[in-house]
Amino acid sequence: MSPATFHQLLFKLTPRISKTDAQMRKAIDAETRLCVTLLHLATYALGRKTVADIIQDTCEAMWDVLAPIYLATPQCHDDWRKIAKT
């Protein structure tokens, strides 16, 4: 896609895809939203539901695999004391 075509598309879509800043975080601008969408469509050509399922499955796998390692529950009093000192 040429830069001119991108900017024409952005101009047409900005009113629909722009978001306002929230109290605690800055909104993602329309240009970034369009870039992410086009990159996704060009790279993966997957449907929204498929992508949502992949993301959910991957996040669950990350939690299942990494939480026991990095968020392990202390097993004895000494472990709890070490945590309390940090």
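Just the heavy atoms: all of them, side chains too, but no hydrogens, waters or symmetry mates, feed the values below.
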Distance in Å, [X] [atom1] paired with [Y] [atom2], rounded so as to fall on 0.5 Å steps:
| X | Y | atom1 | atom2 | value |
| --- | --- | --- | --- | --- |
| Asp53 | Arg48 | CG | CZ | 12.5 Å |
| Thr58 | Glu60 | OG1 | CD | 9.5 Å |
| His77 | Lys82 | NE2 | NZ | 14.0 Å |
| Leu34 | Ser18 | CG | OG | 10.5 Å |

Heavy-atom pair with the smallest gap, counting every atom of [X] and [Y]:
| X | Y | value |
| --- | --- | --- |
| Ile69 | Val65 | CD1-O, 3.4 Å |
| Pro74 | Ile83 | CG-CD1, 3.2 Å |
| Trp63 | Pro68 | O-CD, 3.7 Å |

Minimum side-chain heavy-atom gap Tyr44-Thr50 below 4.5 Å: no
Is the backbone N or O of Leu46 less than 3.5 Å from a side-chain atom of His40, with the two atoms forming a donor-acceptor pair by type?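 Side chain of His40 to backbone of Leu46, a donor-acceptor pair under 3.5 Å: yes, one is there.
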Between Thr5 (side chain only) and Met1 (backbone N and O only), is there a donor and an acceptor less than 3.5 Å apart?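 Not confirmed, Thr5 side chain does not pair with Met1 backbone.
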Inter- and intrachain pairs under salt bridge (Lys or Arg N to Asp or Glu O under 4.0 Å), touching residues 17-45, at least two apart: none
Are Tyr70 and Met62 linked, directly or through other ILVMFWY residues, by side chains that come within less than 4.5 angstrom of each other? yes
When clusters are formed by joining ILVMFWY residues with side-chain heavy atoms under 4.5 Å apart, either directly or through shared neighbours, do Ile17 and Phe6 land in the same one? yes
